Amino acid sequence: MDINSTLLGQMIAFGLFVWFCKVFVWPLIMEVIEERQTMIADGLAAASKGSRALEEAEQERVVIVDAARGQAREIVDQANGRGTSIVDEARATAEAERERILASARAEVEQEVNRAREELRGQVGSIAIAGAEKIIAKEIDASAHKELLDNLAAQI
Amino acid sequence: MASSADGAKTASQYIEHHLQNHQACLGPEGVLWSTEANPIACSGNFWALNIDSMFWTVVLGVTFCALFLKVAKSMTLENPGKLQAFVEVVYDFVATSVRETFHGDSKLIAPLALTIVCWIFLMNLMDLVPVDLIPEIAILLGIPYMKVVPSTDVNITFGLSLSIFALILFYSFKNKGAGGFIVGELMMNPLNPKELGMPKVFWPFVMAFNFVLELVALLAKPLSLSLRLFGNMYAGELMFILIALLFGSILISAIGPVFGVIGVILHIAWAIFHILVVTLQAYIFMMLTIVYLSQAHESH
(Lines give C-alpha, C1' and ligand atoms only; values in the text may rest on other atoms or scores of the structure.)
Protein backbone atom coordinates (compact mmCIF):
# COMPACT_ATOMS: atom_id res chain seq x y z
CA MET A 1 0.00 0.00 0.00
CA ASP A 2 2.96 2.32 0.42
CA ILE A 3 4.14 4.63 -2.31
CA ASN A 4 7.19 3.31 -4.08
CA SER A 5 8.91 3.46 -7.43
CA THR A 6 5.97 1.67 -9.07
CA LEU A 7 4.59 5.21 -9.21
CA LEU A 8 7.48 6.31 -11.42
CA GLY A 9 7.22 3.16 -13.49
CA GLN A 10 3.55 3.78 -14.05
CA MET A 11 4.22 7.39 -15.05
CA ILE A 12 6.82 6.28 -17.57
CA ALA A 13 4.52 3.57 -18.92
CA PHE A 14 1.67 6.05 -19.12
CA GLY A 15 3.81 8.50 -21.05
CA LEU A 16 4.94 5.80 -23.45
CA PHE A 17 1.45 4.50 -24.10
CA VAL A 18 0.03 7.98 -24.63
CA TRP A 19 2.91 8.79 -26.96
CA PHE A 20 2.36 5.54 -28.85
CA CYS A 21 -1.35 6.18 -29.13
CA LYS A 22 -0.81 9.78 -30.24
CA VAL A 23 1.81 8.94 -32.86
CA PHE A 24 0.74 5.56 -34.26
CA VAL A 25 -2.89 4.90 -33.43
CA TRP A 26 -4.89 8.11 -33.29
CA PRO A 27 -3.81 9.68 -36.61
CA LEU A 28 -4.50 6.48 -38.56
CA ILE A 29 -8.02 6.12 -37.18
CA MET A 30 -8.68 9.85 -37.52
CA GLU A 31 -7.53 9.85 -41.13
CA VAL A 32 -9.88 7.06 -42.17
CA ILE A 33 -12.81 8.43 -40.19
CA GLU A 34 -12.35 11.95 -41.54
CA GLU A 35 -11.98 10.58 -45.05
CA ARG A 36 -15.21 8.66 -44.59
CA GLN A 37 -16.88 11.76 -43.18
CA THR A 38 -15.95 13.77 -46.28
CA MET A 39 -17.02 10.85 -48.44
CA ILE A 40 -20.41 10.73 -46.76
CA ALA A 41 -20.71 14.51 -46.91
CA ASP A 42 -19.83 14.46 -50.61
CA GLY A 43 -22.28 11.65 -51.21
CA LEU A 44 -25.05 13.51 -49.45
CA ALA A 45 -24.23 16.71 -51.33
CA ALA A 46 -24.28 14.81 -54.63
CA ALA A 47 -27.58 13.21 -53.67
CA SER A 48 -29.17 16.53 -52.80
CA LYS A 49 -27.75 18.02 -55.98
CA GLY A 50 -29.22 15.12 -57.93
CA SER A 51 -32.62 15.50 -56.32
CA ARG A 52 -32.51 19.25 -57.00
CA ALA A 53 -31.66 18.52 -60.65
CA LEU A 54 -34.51 16.03 -60.74
CA GLU A 55 -36.86 18.68 -59.38
CA GLU A 56 -35.70 21.16 -61.97
CA ALA A 57 -36.10 18.58 -64.72
CA GLU A 58 -39.59 17.85 -63.44
CA GLN A 59 -40.49 21.52 -63.63
CA GLU A 60 -38.96 21.75 -67.07
CA ARG A 61 -40.93 18.69 -68.12
CA VAL A 62 -44.19 20.28 -66.96
CA VAL A 63 -43.41 23.40 -68.95
CA ILE A 64 -42.46 21.43 -72.06
CA VAL A 65 -45.50 19.18 -71.83
CA ASP A 66 -47.77 22.18 -71.35
CA ALA A 67 -46.27 23.90 -74.39
CA ALA A 68 -46.59 20.74 -76.45
CA ARG A 69 -50.17 20.29 -75.37
CA GLY A 70 -50.99 23.89 -76.35
CA GLN A 71 -49.29 23.44 -79.66
CA ALA A 72 -51.15 20.21 -80.32
CA ARG A 73 -54.45 21.85 -79.46
CA GLU A 74 -53.62 24.68 -81.85
CA ILE A 75 -52.78 22.24 -84.61
CA VAL A 76 -55.99 20.29 -84.05
CA ASP A 77 -58.00 23.49 -84.05
CA GLN A 78 -56.30 24.56 -87.24
CA ALA A 79 -56.91 21.19 -88.81
CA ASN A 80 -60.56 21.27 -87.80
CA GLY A 81 -60.86 24.73 -89.34
CA ARG A 82 -59.17 23.56 -92.46
CA GLY A 83 -61.39 20.51 -92.63
CA THR A 84 -64.58 22.51 -92.25
CA SER A 85 -63.49 24.97 -94.85
CA ILE A 86 -62.55 22.19 -97.24
CA VAL A 87 -65.89 20.48 -96.75
CA ASP A 88 -67.70 23.78 -97.26
CA GLU A 89 -65.67 24.50 -100.35
CA ALA A 90 -66.32 21.03 -101.70
CA ARG A 91 -70.01 21.37 -100.97
CA ALA A 92 -70.11 24.70 -102.77
CA THR A 93 -68.22 23.27 -105.71
CA ALA A 94 -70.48 20.26 -105.84
CA GLU A 95 -73.53 22.46 -105.64
CA ALA A 96 -72.26 24.58 -108.49
CA GLU A 97 -71.42 21.49 -110.51
CA ARG A 98 -74.88 20.11 -109.86
CA GLU A 99 -76.44 23.35 -110.96
CA ARG A 100 -74.33 23.38 -114.06
CA ILE A 101 -75.07 19.77 -115.00
CA LEU A 102 -78.72 20.25 -114.24
CA ALA A 103 -78.85 23.38 -116.34
CA SER A 104 -77.06 21.77 -119.23
CA ALA A 105 -79.28 18.71 -119.00
CA ARG A 106 -82.35 20.87 -118.90
CA ALA A 107 -81.12 22.86 -121.89
CA GLU A 108 -80.43 19.65 -123.77
CA VAL A 109 -83.88 18.30 -123.00
CA GLU A 110 -85.46 21.53 -124.18
CA GLN A 111 -83.36 21.49 -127.25
CA GLU A 112 -84.43 17.91 -127.96
CA VAL A 113 -88.10 18.81 -127.41
CA ASN A 114 -87.75 21.78 -129.73
CA ARG A 115 -86.06 19.69 -132.33
CA ALA A 116 -88.75 17.05 -132.08
CA ARG A 117 -91.40 19.67 -132.28
CA GLU A 118 -89.73 21.22 -135.31
CA GLU A 119 -89.52 17.81 -136.93
CA LEU A 120 -93.14 17.16 -136.13
CA ARG A 121 -94.12 20.52 -137.45
CA GLY A 122 -92.31 19.70 -140.65
CA GLN A 123 -94.08 16.39 -140.92
CA VAL A 124 -97.56 17.83 -140.25
CA GLY A 125 -97.64 19.30 -143.79
CA SER A 126 -96.82 16.04 -145.43
CA ILE A 127 -99.34 14.21 -143.23
CA ALA A 128 -101.98 16.74 -144.07
CA ILE A 129 -101.16 16.30 -147.71
CA ALA A 130 -101.30 12.54 -147.41
CA GLY A 131 -104.61 12.82 -145.57
CA ALA A 132 -106.01 15.12 -148.18
CA GLU A 133 -104.95 12.71 -150.88
CA LYS A 134 -106.68 9.86 -149.12
CA ILE A 135 -109.83 11.93 -148.55
CA ILE A 136 -109.90 12.86 -152.13
CA ALA A 137 -109.31 9.29 -153.17
CA LYS A 138 -112.11 7.92 -151.09
CA GLU A 139 -114.63 10.62 -152.03
CA ILE A 140 -116.90 11.84 -149.50
CA ASP A 141 -117.93 9.37 -146.93
CA ALA A 142 -118.94 10.93 -143.71
CA SER A 143 -118.07 8.09 -141.64
CA ALA A 144 -115.00 7.40 -143.63
CA HIS A 145 -114.05 11.07 -143.37
CA LYS A 146 -114.65 11.14 -139.79
CA GLU A 147 -112.46 8.12 -139.27
CA LEU A 148 -109.86 9.70 -141.37
CA LEU A 149 -109.97 12.96 -139.62
CA ASP A 150 -109.78 11.26 -136.29
CA ASN A 151 -106.82 9.40 -137.51
CA LEU A 152 -105.27 12.63 -138.56
CA ALA A 153 -105.99 14.26 -135.35
CA ALA A 154 -104.50 11.37 -133.50
CA GLN A 155 -101.35 11.64 -135.51
CA ILE A 156 -100.77 15.20 -134.55
CA MET B 1 -10.12 -20.70 -1.98
CA ALA B 2 -6.54 -20.33 -1.07
CA SER B 3 -4.88 -23.47 0.04
CA SER B 4 -1.27 -24.14 0.61
CA ALA B 5 0.60 -27.32 1.29
CA ASP B 6 0.46 -26.87 5.03
CA GLY B 7 -3.33 -26.52 5.09
CA ALA B 8 -5.98 -23.82 5.03
CA LYS B 9 -5.12 -20.25 5.81
CA THR B 10 -6.90 -18.18 8.35
CA ALA B 11 -9.28 -15.50 7.12
CA SER B 12 -6.91 -12.64 7.81
CA GLN B 13 -4.07 -14.49 6.13
CA TYR B 14 -6.23 -15.04 3.11
CA ILE B 15 -7.12 -11.34 2.87
CA GLU B 16 -3.58 -10.22 3.52
CA HIS B 17 -2.31 -12.57 0.85
CA HIS B 18 -4.68 -10.99 -1.66
CA LEU B 19 -3.72 -7.46 -0.74
CA GLN B 20 0.01 -8.00 -0.78
CA ASN B 21 1.93 -6.89 -3.83
CA HIS B 22 4.77 -8.95 -5.13
CA GLN B 23 7.66 -6.59 -4.65
CA ALA B 24 11.28 -6.40 -5.56
CA CYS B 25 13.88 -3.95 -4.36
CA LEU B 26 17.59 -3.52 -4.14
CA GLY B 27 18.77 -4.54 -0.71
CA PRO B 28 22.26 -4.56 0.67
CA GLU B 29 22.76 -8.08 -0.71
CA GLY B 30 21.43 -7.70 -4.20
CA VAL B 31 17.78 -7.84 -5.32
CA LEU B 32 15.26 -8.62 -2.61
CA TRP B 33 11.93 -10.26 -3.46
CA SER B 34 8.77 -10.64 -1.45
CA THR B 35 8.63 -14.15 -0.08
CA GLU B 36 6.01 -15.98 1.86
CA ALA B 37 8.30 -15.86 4.84
CA ASN B 38 8.90 -12.14 4.51
CA PRO B 39 6.23 -10.50 2.32
CA ILE B 40 7.19 -7.01 3.41
CA ALA B 41 10.89 -7.33 2.77
CA CYS B 42 10.77 -4.17 0.69
CA SER B 43 8.35 -2.25 2.89
CA GLY B 44 9.38 1.35 3.41
CA ASN B 45 11.84 1.31 0.58
CA PHE B 46 10.87 3.87 -2.03
CA TRP B 47 12.83 2.06 -4.70
CA ALA B 48 10.77 -1.08 -4.28
CA LEU B 49 8.82 -2.06 -7.35
CA ASN B 50 5.41 -3.74 -7.30
CA ILE B 51 6.25 -6.34 -9.88
CA ASP B 52 2.69 -7.63 -10.25
CA SER B 53 1.11 -4.19 -10.71
CA MET B 54 3.80 -3.14 -13.12
CA PHE B 55 3.50 -6.38 -15.07
CA TRP B 56 -0.26 -6.23 -15.44
CA THR B 57 -0.40 -2.54 -16.18
CA VAL B 58 2.15 -2.92 -18.96
CA VAL B 59 0.50 -6.05 -20.32
CA LEU B 60 -2.86 -4.29 -20.44
CA GLY B 61 -1.37 -1.15 -21.97
CA VAL B 62 0.36 -3.21 -24.62
CA THR B 63 -2.89 -5.10 -25.23
CA PHE B 64 -4.68 -1.81 -25.80
CA CYS B 65 -1.95 -0.43 -28.05
CA ALA B 66 -1.60 -3.65 -30.03
CA LEU B 67 -5.33 -4.03 -30.55
CA PHE B 68 -5.83 -0.44 -31.65
CA LEU B 69 -2.68 -0.44 -33.78
CA LYS B 70 -3.75 -3.62 -35.51
CA VAL B 71 -7.15 -2.17 -36.29
CA ALA B 72 -5.75 1.25 -37.19
CA LYS B 73 -3.31 -0.30 -39.65
CA SER B 74 -6.02 -2.26 -41.41
CA MET B 75 -8.70 0.41 -41.35
CA THR B 76 -10.89 0.37 -44.41
CA LEU B 77 -12.93 3.27 -45.63
CA GLU B 78 -15.83 1.18 -46.75
CA ASN B 79 -17.29 -1.98 -45.30
CA PRO B 80 -15.55 -1.94 -41.89
CA GLY B 81 -15.38 -5.18 -39.97
CA LYS B 82 -16.82 -5.73 -36.49
CA LEU B 83 -13.54 -5.05 -34.71
CA GLN B 84 -13.00 -1.90 -36.70
CA ALA B 85 -16.57 -0.80 -35.95
CA PHE B 86 -15.90 -1.35 -32.24
CA VAL B 87 -12.68 0.67 -32.37
CA GLU B 88 -14.47 3.40 -34.28
CA VAL B 89 -17.24 3.49 -31.69
CA VAL B 90 -14.65 3.93 -28.94
CA TYR B 91 -12.80 6.52 -31.01
CA ASP B 92 -15.99 8.39 -31.72
CA PHE B 93 -17.05 8.28 -28.09
CA VAL B 94 -13.72 9.75 -26.96
CA ALA B 95 -13.55 12.27 -29.79
CA THR B 96 -17.09 13.47 -29.03
CA SER B 97 -16.36 13.79 -25.32
CA VAL B 98 -13.21 15.78 -26.04
CA ARG B 99 -14.92 17.98 -28.63
CA GLU B 100 -17.82 18.80 -26.32
CA THR B 101 -15.74 19.48 -23.23
CA PHE B 102 -12.37 20.68 -24.38
CA HIS B 103 -12.34 23.97 -26.20
CA GLY B 104 -8.62 24.52 -26.50
CA ASP B 105 -6.43 23.47 -29.34
CA SER B 106 -4.36 20.43 -28.50
CA LYS B 107 -3.28 17.41 -30.47
CA LEU B 108 -2.44 15.52 -27.29
CA ILE B 109 -5.67 15.54 -25.38
CA ALA B 110 -7.73 13.20 -27.58
CA PRO B 111 -5.19 10.34 -27.77
CA LEU B 112 -4.52 10.93 -24.08
CA ALA B 113 -8.20 10.51 -23.30
CA LEU B 114 -8.40 7.40 -25.48
CA THR B 115 -5.41 5.85 -23.74
CA ILE B 116 -6.81 6.67 -20.32
CA VAL B 117 -10.28 5.32 -20.90
CA CYS B 118 -9.13 2.10 -22.57
CA TRP B 119 -6.23 1.42 -20.27
CA ILE B 120 -8.12 2.08 -17.05
CA PHE B 121 -11.07 0.08 -18.34
CA LEU B 122 -8.79 -2.88 -18.98
CA MET B 123 -7.14 -2.51 -15.57
CA ASN B 124 -10.51 -2.39 -13.86
CA LEU B 125 -11.71 -5.29 -15.95
CA MET B 126 -9.09 -7.48 -14.30
CA ASP B 127 -11.33 -7.26 -11.25
CA LEU B 128 -13.83 -9.51 -13.00
CA VAL B 129 -11.33 -12.32 -13.32
CA PRO B 130 -12.14 -14.74 -10.48
CA VAL B 131 -10.20 -13.49 -7.47
CA ASP B 132 -8.25 -16.65 -6.78
CA LEU B 133 -7.59 -17.79 -10.33
CA ILE B 134 -4.46 -15.89 -11.28
CA PRO B 135 -2.91 -15.77 -7.75
CA GLU B 136 -3.25 -19.56 -7.44
CA ILE B 137 -1.67 -20.07 -10.87
CA ALA B 138 1.10 -17.70 -9.79
CA ILE B 139 1.70 -19.77 -6.65
CA LEU B 140 2.04 -22.86 -8.84
CA LEU B 141 4.63 -20.93 -10.86
CA GLY B 142 6.48 -20.06 -7.67
CA ILE B 143 5.32 -16.47 -7.33
CA PRO B 144 3.99 -16.07 -3.78
CA TYR B 145 1.99 -12.88 -4.29
CA MET B 146 0.00 -11.61 -7.22
CA LYS B 147 -2.33 -8.63 -7.23
CA VAL B 148 -3.95 -8.71 -10.64
CA VAL B 149 -5.94 -5.48 -10.60
CA PRO B 150 -3.45 -2.66 -11.14
CA SER B 151 -6.01 0.01 -10.30
CA THR B 152 -6.23 -1.32 -6.75
CA ASP B 153 -2.65 -0.18 -6.31
CA VAL B 154 -2.30 3.46 -5.22
CA ASN B 155 1.01 3.68 -7.03
CA ILE B 156 -0.70 2.97 -10.32
CA THR B 157 -3.57 5.41 -9.82
CA PHE B 158 -1.25 8.10 -8.52
CA GLY B 159 1.07 7.44 -11.42
CA LEU B 160 -1.79 8.31 -13.72
CA SER B 161 -3.12 11.27 -11.79
CA LEU B 162 0.29 12.83 -11.11
CA SER B 163 1.11 12.59 -14.83
CA ILE B 164 -2.11 14.42 -15.51
CA PHE B 165 -1.30 16.90 -12.76
CA ALA B 166 2.01 17.57 -14.48
CA LEU B 167 0.13 18.20 -17.71
CA ILE B 168 -2.28 20.53 -15.89
CA LEU B 169 0.64 22.55 -14.53
CA PHE B 170 2.44 22.50 -17.88
CA TYR B 171 -0.56 23.74 -19.83
CA SER B 172 -1.50 26.27 -17.16
CA PHE B 173 1.95 27.84 -17.26
CA LYS B 174 2.10 27.58 -21.04
CA ASN B 175 -1.27 29.14 -21.75
CA LYS B 176 -1.58 31.63 -18.91
CA GLY B 177 2.05 32.43 -18.22
CA ALA B 178 3.61 32.22 -14.77
CA GLY B 179 2.00 35.48 -13.64
CA GLY B 180 -1.34 34.73 -15.19
CA PHE B 181 -1.49 31.32 -13.56
CA ILE B 182 0.00 31.98 -10.13
CA VAL B 183 -1.28 35.51 -9.57
CA GLY B 184 -4.28 35.68 -11.86
CA GLU B 185 -5.74 32.28 -11.24
CA LEU B 186 -4.46 31.19 -7.86
CA MET B 187 -4.43 34.52 -6.03
CA MET B 188 -7.22 36.63 -7.51
CA ASN B 189 -9.87 33.94 -7.03
CA PRO B 190 -12.40 33.36 -5.55
CA LEU B 191 -12.23 36.76 -3.76
CA ASN B 192 -11.06 39.32 -6.26
CA PRO B 193 -9.80 42.33 -4.27
CA LYS B 194 -9.84 44.52 -7.35
CA GLU B 195 -13.47 43.83 -8.16
CA LEU B 196 -14.43 44.08 -4.49
CA GLY B 197 -12.86 47.55 -4.42
CA MET B 198 -10.57 46.88 -1.47
CA PRO B 199 -7.81 49.27 -0.51
CA LYS B 200 -4.41 48.12 -1.71
CA VAL B 201 -3.24 47.54 1.84
CA PHE B 202 -5.51 44.52 2.22
CA TRP B 203 -4.63 42.96 -1.10
CA PRO B 204 -1.73 40.78 0.12
CA PHE B 205 -3.92 39.26 2.84
CA VAL B 206 -6.79 38.52 0.50
CA MET B 207 -4.39 37.14 -2.08
CA ALA B 208 -2.70 34.92 0.47
CA PHE B 209 -6.10 33.63 1.57
CA ASN B 210 -7.08 32.99 -2.01
CA PHE B 211 -3.79 31.26 -2.70
CA VAL B 212 -4.31 28.81 0.12
CA LEU B 213 -7.84 28.02 -1.06
CA GLU B 214 -6.87 27.65 -4.70
CA LEU B 215 -3.78 25.63 -3.93
CA VAL B 216 -5.87 23.15 -1.96
CA ALA B 217 -8.34 23.00 -4.87
CA LEU B 218 -5.50 22.46 -7.33
CA LEU B 219 -3.84 19.75 -5.27
CA ALA B 220 -7.19 18.08 -4.67
CA LYS B 221 -7.49 17.40 -8.39
CA PRO B 222 -4.84 14.66 -8.70
CA LEU B 223 -5.58 13.42 -5.20
CA SER B 224 -9.31 12.96 -5.82
CA LEU B 225 -8.68 11.62 -9.31
CA SER B 226 -6.45 8.82 -8.12
CA LEU B 227 -8.15 8.06 -4.81
CA ARG B 228 -11.58 7.85 -6.44
CA LEU B 229 -10.38 5.21 -8.86
CA PHE B 230 -8.32 3.42 -6.25
CA GLY B 231 -11.09 3.48 -3.64
CA ASN B 232 -13.74 2.13 -5.97
CA MET B 233 -11.61 -0.64 -7.34
CA TYR B 234 -10.10 -1.54 -3.99
CA ALA B 235 -13.54 -1.79 -2.42
CA GLY B 236 -14.79 -3.87 -5.34
CA GLU B 237 -11.82 -6.20 -5.09
CA LEU B 238 -12.30 -6.50 -1.36
CA MET B 239 -15.94 -7.45 -1.87
CA PHE B 240 -14.88 -10.28 -4.15
CA ILE B 241 -12.31 -11.42 -1.61
CA LEU B 242 -14.82 -11.31 1.23
CA ILE B 243 -17.47 -13.20 -0.73
CA ALA B 244 -14.90 -15.83 -1.67
CA LEU B 245 -13.68 -16.00 1.91
CA LEU B 246 -17.08 -16.20 3.56
CA PHE B 247 -18.61 -18.83 1.35
CA GLY B 248 -15.42 -20.62 0.44
CA SER B 249 -14.44 -21.37 4.01
CA ILE B 250 -17.81 -22.87 4.81
CA LEU B 251 -17.45 -25.19 1.81
CA ILE B 252 -15.47 -27.54 3.99
CA SER B 253 -18.41 -28.04 6.35
CA ALA B 254 -21.41 -30.28 5.76
CA ILE B 255 -23.72 -27.54 4.53
CA GLY B 256 -20.93 -26.32 2.28
CA PRO B 257 -22.49 -27.03 -1.11
CA VAL B 258 -25.56 -24.90 -0.33
CA PHE B 259 -23.38 -21.98 0.69
CA GLY B 260 -21.16 -22.58 -2.27
CA VAL B 261 -24.11 -22.00 -4.57
CA ILE B 262 -25.03 -18.82 -2.70
CA GLY B 263 -21.41 -17.72 -2.96
CA VAL B 264 -21.40 -18.24 -6.72
CA ILE B 265 -24.66 -16.32 -7.07
CA LEU B 266 -23.30 -13.47 -4.93
CA HIS B 267 -20.13 -13.44 -6.99
CA ILE B 268 -22.11 -13.17 -10.20
CA ALA B 269 -24.37 -10.47 -8.76
CA TRP B 270 -21.44 -8.40 -7.55
CA ALA B 271 -19.58 -8.93 -10.83
CA ILE B 272 -22.55 -7.70 -12.84
CA PHE B 273 -22.83 -4.66 -10.62
CA HIS B 274 -19.10 -4.21 -10.81
CA ILE B 275 -19.19 -4.03 -14.62
CA LEU B 276 -20.93 -0.71 -14.09
CA VAL B 277 -18.25 0.49 -11.68
CA VAL B 278 -15.47 -0.68 -13.98
CA THR B 279 -16.86 1.26 -16.92
CA LEU B 280 -17.98 4.25 -14.93
CA GLN B 281 -14.65 4.75 -13.19
CA ALA B 282 -12.77 4.60 -16.49
CA TYR B 283 -15.21 7.11 -17.95
CA ILE B 284 -15.06 9.44 -14.95
CA PHE B 285 -11.27 9.41 -14.97
CA MET B 286 -11.23 10.28 -18.65
CA MET B 287 -13.88 13.00 -18.37
CA LEU B 288 -12.23 14.67 -15.38
CA THR B 289 -8.90 14.60 -17.16
CA ILE B 290 -10.47 16.39 -20.12
CA VAL B 291 -12.20 18.88 -17.83
CA TYR B 292 -9.03 19.65 -15.85
CA LEU B 293 -6.95 20.08 -18.99
CA SER B 294 -9.69 22.19 -20.50
CA GLN B 295 -9.56 24.45 -17.47
CA ALA B 296 -5.79 24.64 -17.86
CA HIS B 297 -6.34 25.94 -21.40
CA GLU B 298 -8.99 28.50 -20.58
CA SER B 299 -7.89 32.00 -19.74
CA HIS B 300 -9.84 34.18 -17.37
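Every heavy atom of this structure was used, including side-chain atoms; hydrogens, water molecules and symmetry mates were not. The chains referred to below are lettered A, B, ... by the order of the sequence lines, with proteins before strands, and numbering in each begins at 1. The model shown is predicted, which means the values in this text are computed figures rather than measured ones.
When heavy atoms are compared at a cutoff of 4.5 Å, Gln84(B) approaches chain A solely by way of its side chain, counted from C-beta outward. Looking at Val71(B), neither its backbone nor its side chain comes within 4.5 Å of chain A, counting heavy atoms on both sides. With a threshold of 4.5 angstrom between heavy atoms, Met30(A) approaches chain B through its backbone and through its side chain. Neither the backbone nor the side chain of Asp92(B) comes within contact range of chain A; no heavy atom of the residue lies under 4.5 Å from a heavy atom of that chain. Looking at Leu8(A), only its side chain comes within 4.5 Å of chain B, counting heavy atoms on both sides. For Ala166(B), no part lies under 4.5 angstrom from a heavy atom of chain A. At a 4.5 Å heavy-atom cutoff, Pro150(B) makes no contact with chain A through either its backbone or its side chain. Contacts of Thr76(B) with chain A are made by backbone atoms alone, with heavy-atom separations under 4.5 Å and no side-chain atom involved.
Phe20(A) and Phe64(B) have their aromatic ring centers separated by at least 6.0 angstrom.
Interface with chain B: from residues 100-109 of chain A, no residue qualifies, criterion being any non-hydrogen pair under 4.5 Å.
In terms of heavy-atom pairs under 4.5 angstrom with chain A, the leader among Cys25(B), Ala48(B), Gly61(B), Ser163(B) is Ala48(B). Comparing Pro80(B), Cys42(B), Ala95(B), Ala110(B) by heavy-atom pairs within less than 4.5 Å of chain A, the highest count is held by Ala110(B). The most heavy-atom pairs under 4.5 Å with chain A, out of Ile156(B), Leu112(B), Leu114(B), Thr57(B), come from Ile156(B).
Scanning both residues, His297(B) and Leu293(B), for their nearest heavy atoms gives ND1-O, 2.8 Å. Looking at every heavy atom in both residues, Met54(B) comes nearest to Ala13(A) through CE-CB, 4.3 Å.
Interatomic distance, CD of Glu110(A) versus CZ of Arg115(A), reported as 13.5 Å (0.5 Å rounding). In this structure, OG on Ser97(B) lies 5.0 Å from CE on Met287(B), to the nearest 0.5 angstrom.
One finds a salt bridge joining Glu95(A) and Arg98(A) here, because a Lys/Arg side-chain nitrogen approaches an Asp/Glu carboxylate oxygen to under 4.0 Å.
Side-chain contact check for Val18(A) versus Trp119(B): every heavy-atom pair is 4.5 Å or farther apart. Here the side chains of Arg228(B) and Met233(B) are not in contact, with every heavy-atom distance at 4.5 Å or above. Within the 4.5 Å cutoff, the side chain of Asn21(B) has no heavy atoms near those of the Ser34(B) side chain.
Tyr91(B) pairs by the ring-ring contact (aromatic ring centres under 6.0 Å, His included) definition with Trp26(A), not counting sequence neighbours.
Remark: SG of Cys65(B) is not found under 2.5 Å from SG of Cys21(A).
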